[in-house]
Amino acid sequence: MAGISKWLLGFLLFAMAFRANCQSYDSITKNEKEIQYFESLTLRLYYEAKWDSLLNMGQLAISKGYNYYYMLLRVGAASYYTNKYSLAARYLENARKLYGADDFTNELLFYAYIYTGRNQQASLLKKDLSLELKLKLRKTIGNIFYFEGGPIMTDGDLHAEKLMKNNSIITFSDKYFEKNAVYFVTGWRQPVKNRFWLTASVSYLDFNKHRDVQIKYWDSLGGDYKVRQTEYYFSAGYTVNNRIFISPCLRLTDTKVSEPITSADTITKLYLGLPVSKSFNDHVWGGEFLYAANYWKASAGAWSLRIGDTKSWQLSTSLVLLPMGNLNLYAITSFTWKSSEINSPYVISQSCGVKLVNRTWLEVTGTYGNVAGTSEYNGQLLNNQINKSKYRLSSIVLIDLSSKMRFSLRYQYMKNESQAWFLNEEYKLIEKSYNYNRHIITGGLTWDVL
């Protein structure tokens, strides 16, 4: 019985091993047939430039585990040629991890970065290019020169007058309101040695304001005065890797204010005080951290601001989404906190951009909160205004005039809040707020200088 049991056990083990071997052989044969099917099919679709079919079949093959270099490269190329640049970047990045760098893969990945707004990553990729490809792409990312300017219009005087008419029992009033202004900015951005980016700009604001003083039964005085502001901005960015970019910044502002309002009457002088003429320097320093993935980008920054006699901190974060994998549709959500505000320290902004027709984009933005005393775009804009803003609506049209030149036309509407002061019959000083409208229209050009 013992001999039979040993013989039976050996037979069962042999049968199990034979069956397992047959299953393994069948599996290998099946996998070989399947991989040959996907390989020949995707290769044929690639040569026939049937990109949609190649993308579908290639993604099916990759989902089954056939994610070798050539399959990833073909699917990446199909994604690229169907304008799915974020998807192309994902497959091409994985292909480079398996094989390294070749010119065809690098060139497609380079343009996929460019067409999803990641110039820093594209510039970093240049270090892995062959000399021939470097010469071919050397003019793709050049020195960016830009300028923008236009008028700023308000109706603050009308709303200030309306406020005073609604408060007839006053003995003294003092009102400040904005008039028209002109804004201009010019700057450049340049990559240096693949990893470094330098940005510098100069902006100028010439703002007209008006002060109106009414003393009942005594005197009426008014005077225009100017606020001239020149700002200098500098940032040196560094690309850490193909995901992370950091950019410290510094902004210096030279502001001159003149208020030539005088009176020979001694009582009037008591209310008006001495003529104002002063100059002061504001500054912003800080920086931003950017993480760029294929379908989204996120940034966070911190800045120290000194505006007049006020020192404050600002923390901001933003998220950019590319749901279609390219810049034909994008959304930007931004959130800002500033220490100078106690009751309402938050500013929330939402933007949406879409490609309208060939070479034309439209972006609309809504901002809620007081942007006065804040910086935007990593300090490139300092909202150095006295009056508070309640909300802002803006739109911008972008038109690519050529592969190297872009025209922009921007409109901004702001609901602002200002104050007036007056004495009632009991000589009690009262501060009254009123709302007014501001319209900003600016246009400009961005030129990629080779």
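Because the structure is predicted, anything quoted here is derived from the model rather than measured. Note that the numbering runs from 1 along the sequence shown for the chain.
Counting non-hydrogen atoms of neighbouring residues, nucleotides and ligands closer than 6.0 angstrom, the NZ atom of K415 exceeds 12 such neighbours. Taking a 6.0 Å sphere around OH of Y346, one finds it holds 12 or fewer heavy atoms contributed by other residues, nucleotides or ligands. Enclosure of atom NZ in K311 is not indicated, since only 12 or fewer non-hydrogen atoms of other residues, nucleotides or ligands lie within 6.0 angstrom. More than 12 heavy atoms of other residues, nucleotides or ligands shown are found within 6.0 angstrom of CD on E48.
Under a 4.0 Å N-O distance rule, the pair K404/D448 qualifies as a salt bridge. A salt bridge links D400 with R406: at least one charged nitrogen is closer than 4.0 Å to a carboxylate oxygen.
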Subject >> From CA spacing to verdict: side chain to side chain donor-acceptor pair (under 3.5 Å), N416, K390 >> reply: CA-CA 6 Å; N416 281 11; K390 305 184 77 172; over 6 Å; no
Subject >> Test log, rule side-chain contact (heavy atoms from CB on, under 4.5 Å), inputs N106 and L125 >> reply: CA-CA 8 Å; N106 286 336; L125 185 64; 4.1 Å; yes
Subject >> Criterion side-chain contact (heavy atoms from CB on, under 4.5 Å) on Y204 and V202, from CA distance to verdict >> reply: CA-CA 7 Å; Y204 178 75; V202 178; over 6 Å; no
**OP:** Carefully, step by step, assess V227 and T255 under the rule side-chain contact (heavy atoms from CB on, under 4.5 Å).
**Re:** CA-CA 7 Å; V227 179; T255 305; 4.0 Å; yes
Original post:
Under the side-chain contact (heavy atoms from CB on, under 4.5 Å) criterion, do L319 and T317 qualify, and how do the steps go?
Top reply: CA-CA 7 Å; L319 176 65; T317 182; over 6 Å; no
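Pairing each heavy atom of S418 with each of Y436, the nearest pair is CB-CE2, 3.8 Å. Nearest approach of Y68 to L98, heavy atoms of both residues: C-CD1, 4.0 Å. For the pair Y85 and A112, the tightest heavy-atom approach, listed with the atom from each and the gap, is O-CB, 3.7 Å. The minimum heavy-atom distance between S339 and W313, with the atom names listed, is OG-N, 2.7 Å. The shortest heavy-atom contact between A372 and S389 is N-OG, 4.3 Å. For the residue pair P248 and A236, the shortest heavy atom distance occurs at CD-O, 3.1 Å.
To the nearest 0.5 Å, atoms CG (L250) and CH2 (W303) are separated by 14.0 Å. The distance from atom OH of Y233 to atom CG of L382, rounded to the nearest 0.5 Å, is 12.0 Å. Summarising the geometry, atom OH belonging to Y113 is positioned 6.5 Å from atom CD belonging to Q121; distances are rounded to the nearest 0.5 Å. In this structure, CG in L393 is found 10.0 Å from CD in Q412, a value given to the nearest 0.5 Å. Expressed to the nearest 0.5 Å, how far NZ of K84 lies from OH of Y295 amounts to 8.5 Å. For the atom pair OG1 of T116 and NZ of K297, the computed distance is 7.0 Å after rounding to the nearest 0.5 Å.
Side-chain atoms of W197 never come within 3.5 Å of backbone atoms of N119 as a donor-acceptor pair (strictly under, hydrogens ignored). With hydrogens and angles ignored, the 3.5 Å screen pairs no side-chain donor or acceptor of S349 with any backbone N or O of T367. S395 places no side-chain N or O within 3.5 Å of a backbone atom of R410 that could act as its donor or acceptor partner. Without hydrogens or angle criteria, T360 side chain to V357 main chain gives no donor-acceptor distance under 3.5 Å. Side chain of T442 to backbone of G150: no donor-acceptor contact under 3.5 angstrom is found. Between the side chain of R118 and the backbone N or O of A293 there is at least one donor-acceptor pair closer than 3.5 Å. When atom types are taken as modelled, the side chain of R195 and the backbone of V240 share a donor-acceptor pair closer than 3.5 angstrom. Looking only at distances, a side-chain donor or acceptor of N326 sits under 3.5 Å from a matching main-chain atom of N83.
Contact of the N370 side chain with the E417 side chain is not registered, since no non-hydrogen atoms from C-beta on lie closer than 4.5 Å. Residues E363 and Y330 meet the side-chain proximity criterion, which asks for heavy atoms closer than 4.5 Å. Looking only at side-chain heavy atoms (C-beta outward), M414 and V371 come within less than 4.5 Å of each other. Side-chain contact between L445 and F145: absent, with no pair of heavy atoms (C-beta onward) separated by less than 4.5 Å. Contact check for Y80 versus L109: no side-chain heavy atoms found under the 4.5 Å cut-off. The shortest side-chain heavy-atom distance between N378 and T199 does not fall under the 4.5 Å cut-off. Using a 4.5 Å heavy-atom cutoff, the side chains of D128 and R96 are in contact. By the 4.5 Å heavy-atom criterion applied to side chains, H439 and Y411 are counted as neighbours.
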Review item, side-chain donor-acceptor pairs of residues 179-192, under 3.5 Å, at least two apart:
residue, atom, partner, partner atom, Å
K179, NZ, D224, OD2, 3.3
T186, OG1, Y146, O, 3.2

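For the 3.5 Å distance criterion, the side chains of Q350 and Y368 fail to qualify, holding no donor opposite an acceptor. Looking only at atom types and distance, the side chain of D254 has no donor-acceptor partner in the side chain of T230 under 3.5 Å away. Residues T239 and Q120 have side chains that never bring a donor and an acceptor to within less than 3.5 angstrom of each other. At a cut-off of 3.5 Å, with distance as the only test, a side-chain donor of S316 or Q314 sits close to an acceptor on the other residue. Between the side chains of S334 and S318, no donor-acceptor pair is found at a separation under 3.5 Å. Side-chain N/O atoms of Y99 and T105 include no donor and acceptor closer than 3.5 Å.
Of the listed residues (E231, H283, Q380), just one forms a side chain to side chain donor-acceptor pair (under 3.5 Å) with R251, and that residue is E231. Among L73, L108, V75, N67, the one residue that satisfies the side-chain contact (heavy atoms from CB on, under 4.5 Å) test with Y91 is V75.
The aromatic rings of Y413 and Y391 sit tilted relative to each other, their planes meeting at an angle between 30° and 60°.
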